[in-house]
Protein chains: 2
Amino acid sequence: MQISSRLTIAVHILDCIDTFKDSYKLTSDFLAGSVNVNPVIIRRILQQLKAAGIVNVARGSGGAEIAKPLDKITLLDIYNAVECIDNGELFHFHENPNPNCPVGRNIHNALDKKLELVQKAMEEEMKSITLAEIISDTQKLIREEN
Amino acid sequence: MQISSRLTIAVHILDCIDTFKDSYKLTSDFLAGSVNVNPVIIRRILQQLKAAGIVNVARGSGGAEIAKPLDKITLLDIYNAVECIDNGELFHFHENPNPNCPVGRNIHNALDKKLELVQKAMEEEMKSITLAEIISDTQKLIREEN
DNA sequence: TTGTGTTGTAACTATCTTTGTTACAATTAG
DNA sequence: CTAATTGTAACAAAGATAGTTACAACACAA
């Protein structure tokens, strides 16, 4: 199973907000135009980012802005904001190993530690990547188009 | 979205095969008893492990065995065997960013590199964990029960 | 060679998540 | 007040997971 596109959409949204903050009002409609999805999808993700303190959204008047310095927002922050991870666990352990089997009643303990290492490795890498980097890379690519 | 329980079930199966290889015939029924799922689930996962060269399954006579040394089988091998990853990509990128928007037409390039780093970090960690380790940890836990 | 146990696999179902959609009350600015 | 916009409910479609029954193909032993 893949990690949902909410993560890439969220990054896209944030990239747009920063890039166009001086030229356009950043409404869900405007952002939906760039991402190419229904505005409600954008609003839902903006709500998740807002709950995580990453953006502010102006109800009524409209428009979104980024609430923190770009280099203080990591890919992990965005991931945690939009991905609904069950107890924060990346791996889904099968529910009822047989407690009457020696392996069945110990596999959870033995394997959990390893799975935590894997999840940790992934999260550490995500933590090392900032929104500032991503946006700066995007803008470099835009400049190189000309 | 979580990674499916096929991974933990597969490890459980392999752990059982090694632990009980001298005492029992390792049929899908026997394994289903320890994992506590329907035997067909076991057979399906055994087929995936077989396709990856990790186990041999005896049609007709029945029983499964591990096809390689335990320290030559990594968690990544098992993960790749049972997890159906679309083009091998962990992250699902939203399909149609607007090519008429500067951000829309460059976000893919800018973000893909970062996502690859994250996936790589996860896979490297998985590659460093062997089935030998996991089984040895399980058997240590079993011994400590007494 | 016949019977028994087992695998390989198809077919179907239920449930969950994602993604997309319409609709509309609540809110804000002009 | 009006117009634009957000926040959110309600629903539907599509896809994946997980579970089940059923059965042909197969291997071995008596």
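Below, read A as the first sequence line, B as the second, and so on, with proteins coming before strands; counting in each chain starts at 1.
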Of the listed nucleotides D/dT8, C/dG8, D/dA18, the one nearest the side chain of B/Val57: C/dG8
Atom-pair distance (CD1 on A/Ile42; C1' on D/dT5), nearest Å: 14 Å
Basic-acidic side-chain contact under 4.0 Å: A/Lys114, B/Glu133: yes
Candidate nucleotides D/dT20, D/dT17, C/dT19, ranked by approach to the side chain of A/Ser4 - the nearest: C/dT19
Of the listed nucleotides D/dT6, C/dT21, D/dG19, the one nearest the side chain of A/Asn38: C/dT21
Sugar-phosphate, base or nothing in reach of B/Val37, heavy atoms under 4.0 Å: sugar-phosphate
Sugar-phosphate, base or nothing in reach of B/Arg44, heavy atoms under 4.0 Å: base
Separation of atom CD1 in A/Ile41 from atom P in D/dT6, rounded to whole Å: 15 Å
Heavy-atom side-chain contact between B/Ile73 and B/Thr130 under 4.5 Å: no
Along DNA chain C (nearest heavy atom to each residue), the more 5'-positioned of A/Ile9 and A/Arg43: A/Ile9
From C/dT22, C/dT19, C/dT7, nucleotide with atom closest to A/Arg6 side chain: C/dT19
Sidechain N-carboxylate O distance under 4.0 Å for B/Lys127, B/Glu124: yes
Under-4.0 Å side-chain N/O to phosphate OP1/OP2 contact, A/Gln47 with D/dT6: no
d(CG, A/Asn36; P, C/dG20) in whole Å: 9 Å
Residues A/His92 and B/Thr8: side-chain donor-acceptor under 3.5 angstrom: no
Separation of C/dT6 P from B/Phe30 CZ (nearest whole Å): 12 Å
Pairs: protein N or O with nucleotides 28-30 of chain C N or O, under 3.5 Å:
none

Which residue lies more 5' along DNA chain D, comparing A/Ala64 with B/Val40 via nearest heavy atoms: A/Ala64
Pairwise side-chain contact, A/Asn106 with B/Arg143, heavy-atom cut-off 4.5 Å (strictly under): no
Electrostatic pair A/Lys140:A/Asp137 at N-O distance under 4.0 angstrom: no
Mutual orientation of the aromatic rings belonging to B/Phe20 and B/Phe30 [parallel < 30°, tilted 30-60°, perpendicular > 60°]: perpendicular
Nearest-Å distance for atom pair CD/C1', residues B/Gln48 and C/dT7: 16 Å
Spacing between A/His92 atom NE2 and D/dG19 atom C1', to the nearest angstrom: 13 Å
Nucleotide C/dT19, atom P - distance to CD1 of A/Ile3 in whole Å: 12 Å
A/Lys50 side chain near D/dT6 phosphate (N/O to OP1/OP2, under 4.0 Å): no
Between C/dT7 (P) and B/Asp29 (CG): distance, integer Å: 7 Å
Polar contact flag, side-chain donor to acceptor under 3.5 angstrom, A/Ser34-B/Asn98: no
Short side-chain N/O contact from B/Ser5 to OP1 or OP2 of D/dA18, under 4.0 Å: yes
